[in-house]
Number of protein chains: 2
Amino acid sequence: MRKEPKIARGLEGADARAPAVVLVEPQMGENIGAAARAMLNFGLTDMRIVAPRDGWPNDAAIAMASGAVGVLESARLCADLDEALADVNYALATTARTREMRMPVLTPATASEDLHARTDEGARCAIVFGSERRGLENEDVLKCDAILSIPTNPHFPSLNLAQAALLIGYEWRRIALGRHDAPPAETAEEAAWGRPIPAPKADFENLVAHLFDELDARNYFFPQEKRYAKERNLRVALARAGLSEGEARTLRGVIKTLAGARKDN
Amino acid sequence: MRKEPKIARGLEGADARAPAVVLVEPQMGENIGAAARAMLNFGLTDMRIVAPRDGWPNDAAIAMASGAVGVLESARLCADLDEALADVNYALATTARTREMRMPVLTPATASEDLHARTDEGARCAIVFGSERRGLENEDVLKCDAILSIPTNPHFPSLNLAQAALLIGYEWRRIALGRHDAPPAETAEEAAWGRPIPAPKADFENLVAHLFDELDARNYFFPQEKRYAKERNLRVALARAGLSEGEARTLRGVIKTLAGARKDN
């Protein structure tokens, strides 16, 4: 009889290389659950919880986590930050108190590059968040290697725990996707949905000639000295569209239709 | 006696260059307020609200916005997406339905680079979000120039409205801060030779309506079940050209000319 490991629930798409997320003395279960959701959006699944105020497990966290409950089920409960970081080689502390600590300060983007490089080298990395109300104590910040600071509007810095975790997870995945040689998400065919292969020049020229002929027959290019500029402007606008073979054919149909008689005449 | 303008409340740190955020038929006031908070974290303040389900102003939105209430107070209430985009030159639609629309698809990072470049050139840009439940309707997506898609874990894509707005605001600010040291490589005027500022959406919509009317009068869209695909394909091809205001005017002249009688008939 096969038994599904409990940990697999809701952890599809996990990125085993991604950093651990350490929550130090989190208060509201809802925030822990929201952080789990934010993490799983970008493939982060290794959560470590240090001395949560309301104990563990936490029903409010589970309710909020919804499809990301697997992150909570596999989370590690720790007595203190030392325990949470015991197997970690490199840790970043998230805090806005950057100056007084006299430690290196990274943005999410530079931190993500750094974490990827260190992970490549075999390091286990972690990002450490403080409690909702007070953030990280200085002694906790000092147990980390550098500070991670999110450059918000200095007049309105209001990120909550889950939003900070979301941005850091986003950055991890953004760099991860960008480091593959070819973008994994889209094949050439998919990319072509957005920007089709332009029609062969012969087709484009036939379209332009067809349009100009019909316009000429209606004196559009009169007076003669304006012809060049008018033709150029139309060509440039049409060329910029990068029309596919099918689109060029469609536009020829449009010209033919417009140049025909109105059905209600 | 000095009178504080109402709009200034809570808009400190506003980035006037930042794109507008358009919410189409948002449902929960709480989500509108949370989006306002997310925006202001990264200096975005131009919110436009299309047909909110629960009317406007909305007490739940105000309560949730907290210190970002100024974003709500200066938000523009619009009857439809056309009104919201009337003065916008370039709009991105946020949707996960990327394939079927056959439009260019950008990540937040590439979109942010693109929006900064276009804003440098003088374009007013916007990012369009659909309702919480259904997202954007196809017809709304087609009123935009490209699709913005956030590369989440395909097994757990659970971003809410405010989180999506947060990530896009973050990307805008990340690129903004990163560009400070490098002077612009080209002036707006130089850039405009290669890629003109697209016409305001009101002009583009008028062009499309003019074309479709003339085609309709000639039964181009018969049979009815092919109308949607035909309209979409024409729209997408025209939108890809990024027609300037002058070019849109020129094409209206072309349609009028073609739809008129041949001079040699």
Side-chain angles (χ1 to χ4, degrees), chain A residues 10 12-13 37-38 40-43 66-68 107-109 150-159 163 166-167 170 173-174 177-178 185-186 190 193-195 211 214-215 217-220 230 233-234 237-238 240-243 246-247 250-251 253-255 257-264, chain B residues 10 12-13 37-38 40-43 66-68 98-99 101-105 107-109 146-147 150-159 163 166-167 170 173-174 177 195 211 214-215 217-220 233-234 237-238 240-243 247 250-251 254-255 257-264:
Chain A
E12 292 86 0
R37 285 182 71 85
L40 191 55
N41 262 294
F42 297 111
S66 185
T107 64
I150 299 174
T152 48
N153 176 355
H155 301 281
F156 190 74
S158 82
L159 296 181
Q163 287 175 318
L166 185 81
L167 289 175
Y170 165 79
R173 190 171 172 84
R174 179 177 73 82
L177 294 175
E186 51 180 14
E190 277 178 66
W193 290 110
R195 191 177 58 192
L211 177 63
E214 289 290 354
L215 289 172
R218 290 164 181 80
N219 267 338
Y220 180 81
K230 283 179 164 178
N233 293 347
L234 281 173
L238 283 174
R240 204 179 324 108
L243 299 170
E247 287 170 340
T250 297
L251 284 197
V254 164
I255 295 165
T257 302
L258 289 176
R262 289 173 69 102
K263 297 292 179 182
D264 57 356
Chain B
E12 292 86 359
R37 285 183 72 87
L40 191 56
N41 261 296
F42 296 110
S66 182
T98 56
R99 274 194 189 223
M101 303 310 294
R102 299 176 172 251
M103 289 166 67
V105 180
T107 64
I147 287 172
I150 298 174
T152 47
N153 175 354
H155 300 283
F156 190 73
S158 82
L159 295 181
Q163 288 175 317
L166 184 82
L167 289 175
Y170 164 79
R173 189 171 173 86
R174 179 176 73 83
L177 296 174
R195 187 178 63 184
L211 176 62
E214 290 290 355
L215 290 173
R218 291 166 180 79
N219 268 338
Y220 179 81
N233 293 345
L234 282 173
L238 283 174
R240 207 181 319 110
L243 299 170
E247 288 171 339
T250 297
L251 283 197
V254 163
I255 295 165
T257 301
L258 290 176
R262 291 173 67 105
K263 297 291 177 182
D264 58 356

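These numbers were taken from a predicted model, which means no experiment stands behind them. Lettering of chains follows the sequences in order, A, B, ..., and the numbering in each one begins at 1.
Heavy atoms closer than 4.5 Å to chain A are found in both the backbone and the side chain of B/Q163. At a 4.5 Å heavy-atom cutoff, the contact between B/I150 and chain A is made by side-chain atoms alone. For chain B, the nearby part of A/R174 is the side chain; its heavy atoms alone come within less than 4.5 Å. Of the atoms belonging to A/L238, not a single heavy atom falls under 4.5 Å from chain B.
In this structure, A/N233 and B/T250 have side chains that are not in contact, with every pair of non-hydrogen atoms separated by 4.5 Å or more. Between A/T107 and B/L177 the shortest side-chain heavy-atom distance does not fall below 4.5 Å.
By number of non-hydrogen pairs under 4.5 angstrom with chain B, the leading residue of A/L234, A/I255, A/L243, A/L215 is A/L215. For the options A/P157, A/G43, A/P151, heavy-atom pairs under 4.5 Å to chain B are most numerous at A/P151.
Atom CZ in B/F156 sits 5.0 Å away from atom CG in A/L40 (nearest 0.5 Å). Separation of atoms OG1 (A/T257) and CG (B/L258) is listed at 10.5 Å; rounding is to 0.5 Å.
For the residue pair A/G260 and B/R218, the shortest heavy atom distance occurs at O-NE, 3.2 Å. Taking all atoms of both residues into account, the shortest heavy-atom contact from A/R240 to B/G242 is NH1-O, 3.3 Å.
A side chain to side chain contact (heavy atoms under 4.5 Å, CB included) with A/N41 is found for one member of B/N153, B/L167, B/L159 and no other, namely B/L159.
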